[in-house]
Amino acid sequence: MRIISGKFKGKKLFLPSDKNTRPLKDIVKESIFNLLEHSNKFGLSLSNSSVLDLFSGCGSFGIECISRGSKNVYFFENYLKALEILKKNLSKIAQDQNYKIFESDCFTFFNSNKTIKEKFNLIFIDPPYKELRINDLIEKIIEKRVLCKKGLFIIHRHKKDKLPITEKINILDVRTYGISKVYIAN
């Protein structure tokens, strides 16, 4: 796994050695970023954007955002082995001031009275494929108003996933890459 573009293009990322974390495949990541950067449909510039990377794993998505000029990226990860890899990857490329790691379960965090003062241009949601509470999480994020008015959700699921995405967001595009299905919504 590598950083595809930007300031840290070509740098390799460490991957977890166990099977409890499913890293985002480079082809899926590259396709998402190509859509974001080259489609007039979304109107999002990664440069100087704020990004929330939920279920970060090794940090592949958020680190790609940092490499492409995002102002700051907040990572949520609670699995200890993935957290160690995330920190190792970030120490290779990022400056402390442009990221923050929440060593927390995002469901617990967003269901609590805790808040994030930052408003995000992009929220990436990539839970384990078997996770069924994704709509609850999206609705809590909406309730807490952490997505900017013109911000985007990117939701990564398995292509055979039958769970409908909540109607409280507007799905702008759906793409399938191999076994992955990617929703882009606001």
Side-chain angles (χ1 to χ4, degrees), residues 3-9 11 13 23-24 26 28-77 86 89-90 93-107 109-111 114-127 134-157 165-175 177 180-186:
I3 299 172
I4 295 164
S5 188
K7 186 175 175 181
F8 304 109
K9 180 181 179 176
K11 286 203 182 265
L13 298 174
L24 183 65
D26 280 351
V28 178
K29 181 172 61 171
E30 187 170 15
S31 297
I32 291 169
F33 282 97
N34 280 340
L35 266 174
L36 292 176
E37 291 185 337
H38 302 296
S39 174
N40 296 330
K41 190 188 265 188
F42 308 117
L44 177 77
S45 170
L46 285 171
S47 181
N48 292 316
S49 63
S50 293
V51 178
L52 179 58
D53 184 356
L54 301 176
F55 308 95
S56 298
C58 64
S60 171
F61 187 86
I63 290 170
E64 187 73 34
C65 290
I66 291 170
S67 182
R68 292 173 186 242
S70 290
K71 176 176 62 176
N72 54 43
V73 178
Y74 287 28
F75 297 88
F76 264 83
E77 183 54 59
L86 172 64
N89 282 331
L90 283 166
I93 60 100
Q95 301 167 356
D96 288 340
Q97 68 268 18
N98 67 343
Y99 73 88
K100 182 172 182 173
I101 300 173
F102 287 82
E103 297 180 23
S104 174
D105 175 80
C106 57
F107 293 108
F109 183 91
F110 283 101
N111 279 318
K114 295 178 182 175
T115 59
I116 296 176
K117 292 182 177 151
E118 187 77 37
K119 297 273 189 210
F120 297 96
N121 306 97
L122 181 62
I123 299 177
F124 182 63
I125 304 173
D126 188 11
I134 187 168
N135 287 323
D136 297 335
L137 179 61
I138 293 168
E139 290 170 12
K140 284 293 182 185
I141 289 169
I142 292 167
E143 182 182 309
K144 293 197 180 243
R145 301 176 192 264
V146 295
L147 183 67
C148 292
K149 189 173 182 178
K150 293 184 178 184
L152 294 175
F153 284 105
I154 297 180
I155 304 154
H156 180 223
R157 302 297 290 163
I165 302 297
T166 180
E167 292 180 2
K168 293 192 177 182
I169 60 174
N170 178 32
I171 301 206
L172 304 170
D173 203 340
V174 180
R175 301 287 172 115
Y177 308 102
S180 296
K181 184 184 277 188
V182 175
Y183 299 87
I184 300 177
N186 61 8

Any side-chain heavy atom of [X] within less than 4.5 Å of one from [Y]?
{"X": "L35", "Y": "V182", "value": "no"}
{"X": "D136", "Y": "F107", "value": "no"}
{"X": "S31", "Y": "R175", "value": "no"}
{"X": "K149", "Y": "K119", "value": "no"}
{"X": "V28", "Y": "S180", "value": "yes"}
{"X": "L90", "Y": "I66", "value": "yes"}
{"X": "L137", "Y": "C106", "value": "yes"}
{"X": "V174", "Y": "K181", "value": "yes"}

Quiz item: What are the two closest non-hydrogen atoms of C65 and V73, and how far apart are they?
Solution: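 Shortest heavy-atom separation between C65 and V73 comes out as CB-CG2, 4.1 Å.
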Quiz item: Closest approach of S60 and L13, non-hydrogen atoms and distance?
Solution: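 Answer, listing the atom of S60 first, then L13: CA-CD1, 3.9 Å.
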By side chain to side chain contact (heavy atoms under 4.5 Å, CB included) - contacts of [X] (at least two apart):
{"X": "T166", "result": "N135, I138, E139, K168, I169"}
{"X": "L147", "result": "I123, F153"}
{"X": "E118", "result": "S50, K71, N72, Y74, I116, F120"}
{"X": "N40", "result": "none"}

Practice problem: List the steps, then state whether side chain to side chain contact (heavy atoms under 4.5 Å, CB included) holds for L172 with F42. | Solution: CA-CA 8 Å; L172 304 170; F42 308 117; 3.9 Å; yes
Rounded to the nearest 0.5 Å, what separation is found between the [atom1] atom of [X] and the [atom2] atom of [Y]?
{"X": "E77", "Y": "D53", "atom1": "CD", "atom2": "CG", "result": "9.0 Å"}
{"X": "N186", "Y": "N170", "atom1": "CG", "atom2": "CG", "result": "5.0 Å"}
{"X": "I32", "Y": "L24", "atom1": "CD1", "atom2": "CG", "result": "5.5 Å"}
{"X": "H156", "Y": "F61", "atom1": "NE2", "atom2": "CZ", "result": "11.0 Å"}
{"X": "L54", "Y": "F124", "atom1": "CG", "atom2": "CZ", "result": "9.5 Å"}
{"X": "R145", "Y": "E143", "atom1": "CZ", "atom2": "CD", "result": "9.5 Å"}

Quiz item: Between the main-chain N or O of C58 and the side-chain N or O of N89, is there a donor-acceptor pair closer than 3.5 Å?
Solution: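 Confirmed, N89 side chain pairs with C58 backbone.
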Quiz item: Under the 3.5 angstrom rule, does the side chain of S67 hit a backbone N or O of E64 as a donor-acceptor pair?
Solution: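 Looks like no, no N/O pair under 3.5 Å.
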Self-check item: Residue list, ring-ring contact (aromatic ring centres under 6.0 Å, His included) with F75, at least two apart or on another chain
Solution: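 Listed in chain order: nothing, the list is empty.
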Quiz item: Who passes ring-ring contact (aromatic ring centres under 6.0 Å, His included) against F76, sequence neighbours left out?
Solution: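 Result, ring-ring contact (aromatic ring centres under 6.0 Å, His included) vs F76: F102, F109, F110.
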Exercise. Can you establish whether the number of heavy atoms outside K144 located under 6.0 Å from its atom NZ is more than 12?
Key: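 Yes, NZ of K144 has more than 12 neighbouring heavy atoms, counting only those of other groups under 6.0 Å.
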